[in-house]
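Structure first, commentary second.
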Amino acid sequence: MILPALAYLGVFYVVPFYSLLRTSLSTMGGSVYLPTLTFAWDFGNYGQALTEYREQILRSFGYALTATVFCLLLAFPLAYVIAFKAGRFKNLLLGLVILPFFVTFLIRTIAWKTILADDGWVVDALGAVGLLPSEGRLLSTSWGVIGGLTYNWVIFMILPLYVALEKIDPRLLEASRDLYATNRRMFGKVILPLAMPGVLAGSLLVFIPAVGDFINADYLGSTKTTMIGNVIQKQFLVVKDYPVAAAMSFVLMAFILAGVLLYTRALGTEDLV
Amino acid sequence: MTTQAVTDMASPGRTLRGTFKLGDLALRVVAGLVLVYLFVPILVIIVFSFNKPKGKFNYTWQGFTWENWANPFKYPALAEALRLSLNVAAVSTAIALVLGTLVAIALVRQRFRGSKVVDTFLVLPLTSPEVVMGASLLTLFLSLGWATGYVTILIAHVAFEISFIAMTVRARIRGFDWTLEDASLDLGAGPVRTFFKVTLPLVVPGIVAAAMLSFALSLDDFIITYFVSGSTVTYPLYVNAATKAAVPPQINVLATAILLISLVLLVGGTLYRSKKAPI
């Protein structure tokens, strides 16, 4: 029963990675119009990728990490209220949380372009209370990109967090209350440790798409906010320097694969979906 | 969601409410604000579907009109792109559903040697950045000399949907009483009959949920499709191209329409499920 799916993923998931790896170690030859790739164990592509695009690599990890933290801060109160305080509105609230994500990701991002516009009310309001970044605007800044990354993937934090919180036996909370735990202690010693699987799964599910994204940087950022995804996309589809682009992809994948394997080793795959 | 879970959840609220009213209220307000935040861009999209834009872009408010809603398919290329996306979503989901469901059932029912490895292997596509998946598929198609287009889009979509479907179905059917199958076999039903009369009805709710998720993911996918589409234009690809040249408000009209249809399906599904015995 598992063979058809495994065969499919073997051919269209594993083999592409092999071909990506091969490409990343090849040398480009031929003309611009008819490029030829020769496999040559050319590790120079990796050197080029890591030095030339160091800035983008560091920036991507910084942005994705910041967005993950923002997602956690936004998702926790909402997931907590849905899990513990919503009563019979629980399903309704879950439905409402999911609903915005039925609008195409791209169109949502374009909507943020309107919201964060230089003459929009968000910029005005932030300016009025003195919270505007030093650039005097949000669009085309790092904060614009991070905001977009946060919004687009916050659902992947809310849902696993909700699932983890919902599993907590309320009697544990009552017990900690009976044993005179303060709110803070109850949160730190009971709720947070039990919510940890959700926090980790959510972080992974937000961080991964965020770190490889190029749409938010494209729409909400500027040439100063380009990420790894922008480089890979441009090298593959515009410049057509396949070896360096493939090397970039592999660097990104290696980091993430290490994280995912560590995660599944420690916690299994159950909490991820 | 069982009613037991809901009543369980209701009780701590009652016992704790008296002890920290203010913190509780603050928490609810923050949660409410987060929910509002989720809907801000959606409201913008809906409002701007009624905009009467001057010039080519639909980024600033110019005036109210019904015209966009009266002519949702005014731009044939947009309608065609949407039609193609719906086609890809339906066909790829149908293929991935068969492959993914079989794996899910196998994983839940049999602990076989290497099932843990299969588990991790299935999760990998979900945790690969889309840009990497798109790029790797492109290098494969390039090296095979395949022209990118409808078929390669389909192949790519099935590849990322299988894992989603397998994981979703697996999550829903874990903990079922599979001895029912043995009972059916004992009572003289053949394996085929048992599959259709016992196994399938048990897993159908999970399959429906997985199919809807997969369909939505396919319809929404931009990054992977961008790599493997060649000159074929899906709905998200049309939207992306439009932002470089001209953004018609019909994009917002169709997005709002899709949202409304999803809402109807969501509410309908919930009502349907709550009427049937909770699983």
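Sequence lines set the chain letters: A, B, ... in the order given, protein chains first and strands last, and positions in each chain run from 1. Values in this document were obtained by computation on a predicted structure and should not be read as measured data.
- More than 12 heavy atoms of other residues, nucleotides or ligands lie within 6.0 Å of CZ in B/Phe39, so this atom counts as buried by the packing criterion.
- Summarising the geometry of B/Phe227 relative to A/Gln233, their closest heavy-atom pair is CZ-CA, 3.9 Å, with the distance given to 0.1 Å.
- Two residues are said to be in side-chain contact when any heavy atoms from C-beta on lie closer than 4.5 Å; B/Thr243 and A/Ile110 meet this criterion.
- When all heavy atoms of A/Ser19 and B/Leu140 are compared, the closest pair comes out as OG-N, 3.1 Å.
- The candidate from B/Leu122, B/Asn240, B/Thr101 with the greatest count of non-hydrogen atom pairs under 4.5 Å with chain A is B/Asn240.
- Of the listed residues (A/Asp218, A/Ile155, A/Leu99), the greatest number of heavy-atom pairs within a distance under 4.5 Å of chain B belongs to A/Leu99.
- Considering all non-hydrogen atoms of both residues, A/Phe12 and B/Ala159 come closest at O-CB, 4.1 Å.
- In this structure, B/Ala31 and A/Val81 approach most closely via the heavy-atom pair CB-CG2, 3.6 Å.
- Heavy-atom pairs under 4.5 Å with chain A peak, among B/Leu43, B/Leu219, B/Ile223, at B/Ile223.
- Across A/Phe105 and B/Asp220, no two heavy atoms sit closer than the pair N-OD1, 2.7 Å.
- Taking the six-membered ring where tryptophan is involved, the planes of B/Tyr226 and A/Phe214 are tilted, since the angle between them lies from 30° to 60°.
- Annotation for B/Met133 and A/Tyr13: closest pair CE-CD1, 3.9 Å, computed over non-hydrogen atoms.
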